[in-house]
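Contents: one structure, followed by commentary.
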Amino acid sequence: SQPHSFAIGVLCEIGNHGGQGSPRGLASALMSLLDIDQTSFSSEHCLDMHALLESFSGIRMPRREHYLAGGRWARQSYYEALTHAARSILDDAEPYMALKVHIQRVRHAVETDPLPIPKEQLSPTDHNGDTNTIGMEFENDYQDDGEKKQLTDSIKHAKDAIATADNFAKNIMKSDFNEKKEKAVGLYREAFKACASVLELDKLAFQAPWFKSFYRRNYDALMIKSIYDNLMEDVDKVKEWLEELRKGADAVIEKTKGDDMENDKTGIMGDAVTVSAKKDEKQGNGVNEDEKKEHFSFLSLEDRDDQDI
């Protein structure tokens, strides 16, 4: 299923010990590969390695039996024939090697360069010079005012399309959902098309907060839809998983409620005792030491520091 260039690239990597391709190394690898031991297999299950490599590479592979005594090419060298095939493979692999070297060595940025951001976040001013959230400061190849305005208008259109779809979907959730859901789907499709238009003009637009938020919501919706479909179709153990998930959520909620109630009780009791103690102090030492100790035992550590007992 792979293209011809893929097989040539694989064979080139086998003989690429020196970095630029070695006919001798590839010839040795081909000799081992073509004469691989298949005695563990029955005859009907053995692979014809020569035919296999020829179908992959399009290059004729020499057979050892043709170079033995009584063979077709007995007066010639089998190894020399393999070397010739290896050279042909490496010649066909030159485009692959050129692409590989280009990818490995060409760097469009270094670690010290700032992270790339969407063009709309490069400047707080728009194409008219006014302060706006859709401002852009383009690089040299994007100085044309027409391109600036095109991207600005595309961003505004995408945001308006998202807001329109969201408002419509929100309004039909309470009533008429089944009758108008198709229209809501159509509005969201238009919003997706608008976002795609922005992405064509700025490849980094997906990093903008509004763009990222919209696609994150859709990703979450797809996950929920997938879980719902698996639940309805009883796939694997989705029902058991959701039940355990529900139990875990209920336990967390109950624990949170219990902690909140305990904190409320402690806070109310501490406040009441503190107010009572301060009231007694204002009345002029009308409380004996035992009563003060009784009040003191209900106070929190912070309130105890305020009491001179």
**Message:** Are Arg24 and Tyr79 packed together at the side-chain level, in the sense that at least one heavy-atom pair is separated by less than 4.5 angstrom?
**Reply:** yes
Distance col, row Asp48:CG vs Gln38:CD, nearest 0.5 angstrom, shows 8.5 Å
(Q) Working note: Arg63 + Tyr78, criterion side-chain contact (heavy atoms from CB on, under 4.5 Å); need CA distance, chi angles, decisive distance, verdict. (A) CA-CA 8 Å; Arg63 295 178 180 267; Tyr78 173 61; 5.9 Å; no
Any side-chain to backbone donor/acceptor pair from Asp202 onto Val198? Under 3.5 Å, distance only. no
Using a 6.0 Å cut-off, check whether atom CD of Glu80 has over 12 heavy atoms from anything other than its own residue. no
CD of Glu244 to NZ of Lys239, rounded to nearest 0.5 Å, is 15.0 Å
Practice problem: Would you indicate whether the side-chain heavy atoms of Asn218 and Phe192 approach each other to under 4.5 Å? | Solution: yes
Whether the side chain of Glu120 engages the backbone of Ala205 through a donor-acceptor N/O pair (distance < 3.5 Å, no angle test) should be reported. no
Sorted by chain and residue number, the salt bridge (Lys or Arg N to Asp or Glu O under 4.0 Å) partners of Asp250 (sequence neighbours excluded) come out as Arg246
Residue set satisfying salt bridge (Lys or Arg N to Asp or Glu O under 4.0 Å) with Lys225, at least two apart, ordered chain then number -> Asp229
message = Would Tyr96 and Glu13 count as a side-chain hydrogen bond (donor to acceptor under 3.5 Å, both in side chains) here? Give the steps.
response = CA-CA 10 Å; Tyr96 163 78; Glu13 289 294 337; 2.5 Å; yes
Rounding to 0.5 Å, atoms CG (Leu33) and CD1 (Ile14) come to a distance of 6.0 Å
Heavy-atom side-chain proximity of Arg75 to Tyr67 below 4.5 angstrom: no
Open item on the list: Do Phe214 and Cys195 make a side-chain contact, defined as non-hydrogen atoms from C-beta onward lying under 4.5 Å apart?
Closed with: yes
How about Tyr215 and Phe211: are their ring centres within less than 6.0 Å of each other? yes
Between Glu54 and Met49, is there a side-chain heavy-atom distance shorter than 4.5 Å? no
>> For a side-chain contact (heavy atoms from CB on, under 4.5 Å) check, start with the C-alpha distance between Thr83 and Leu26, then their side-chain angles and the critical distance, and finish with the verdict.
In response: CA-CA 8 Å; Thr83 305; Leu26 181 55; over 6 Å; no
Rounded to the nearest 0.5 angstrom, the CG-OG distance for Leu151 and Ser197 is 11.0 Å
Heavy-atom nearest pair, Pro23 first then Ala86, reads O-CB, 3.5 Å
In short, Ala85 meets Met61 closest at the heavy-atom pair CB-SD, 4.4 Å
Is Met31 linked to Leu52 within one hydrophobic cluster, defined over Ile, Leu, Val, Met, Phe, Trp and Tyr using a side-chain heavy-atom separation of less than 4.5 Å? yes
- With side-chain contact (heavy atoms from CB on, under 4.5 Å) as the test, would you mind laying out the steps for Ser226 and Asn230 before giving the verdict? CA-CA 6 Å; Ser226 176; Asn230 291 338; 3.8 Å; yes
On a heavy-atom basis, the closest approach of Lys183 and Phe168 is CD-CZ, 3.5 Å
For Ile227, the other hydrophobic cluster members (4.5 Å side-chain criterion, sorted by chain and number) are Leu231, Val238, Trp241, Leu242, Leu245
Original post:
Under a 4.5 Å side-chain heavy-atom rule over Ile, Leu, Val, Met, Phe, Trp and Tyr, are Leu187 and Leu222 clustered together?
Top reply: no
Heavy-atom nearest pair, Ser57 first then Ala7, reads N-CB, 4.5 Å
Between Ala161 and Ala194 the two heavy atoms that sit nearest each other are CB-CB, 4.4 Å
- Query: Taking atom CE of Met232 as the centre, does the number of heavy atoms from other residues, nucleotides or ligands within less than 6.0 Å exceed 12?
  - Reply: no
Across all chains, not counting sequence neighbours, the salt bridge (Lys or Arg N to Asp or Glu O under 4.0 Å) partners of Arg64 are Asp35
Task: Electrostatic pair Asp153-Lys149, nearest N-O below 4.0 angstrom - done: yes
_Flag side-chain contact, heavy atom, 4.5 Å: Leu82 against Arg87_ = no
Sorted by chain and number, sequence neighbours left out, salt bridge (Lys or Arg N to Asp or Glu O under 4.0 Å) with Asp166 holds for Arg217
Is there a path from Ile36 to Leu11 through hydrophobic residues (I, L, V, M, F, W, Y) whose side chains come within less than 4.5 Å of each other? yes
The reported gap from CD1 in Ile117 to NZ in Lys119 (rounded to nearest 0.5 angstrom) is 10.5 Å
- Is Phe206 atom CZ crowded by more than 12 heavy atoms from other residues, nucleotides or ligands, each under 6.0 Å away? yes
Query raised in the report: Is there side-chain contact between Ile155 and Leu201, with heavy atoms separated by less than 4.5 Å?
Result: no
| message | Keeping Ser213 on the side-chain end and Pro209 on the backbone end, is there a donor-acceptor pair under 3.5 Å? | response | no
Q) Mind checking whether Val185 and Ile162 sit in one hydrophobic cluster, side chains of I, L, V, M, F, W, Y counted as touching below 4.5 Å? A) no
> With side chains defined as the heavy atoms from C-beta onward, is the minimum distance between Leu34 and Leu53 less than 4.5 Å?
Replying inline: yes
One should read off an interatomic distance between Ile89 CD1 and Cys12 SG, to the nearest 0.5 angstrom, of 9.0 Å
In short, ring pair (Phe, Tyr, Trp, His ring centres under 6.0 Å) pairs touching residues 43-63 with sequence neighbours left out are none
Here the pair of heavy atoms bringing Gln121 nearest to Ala208 is NE2-CA, 3.6 Å
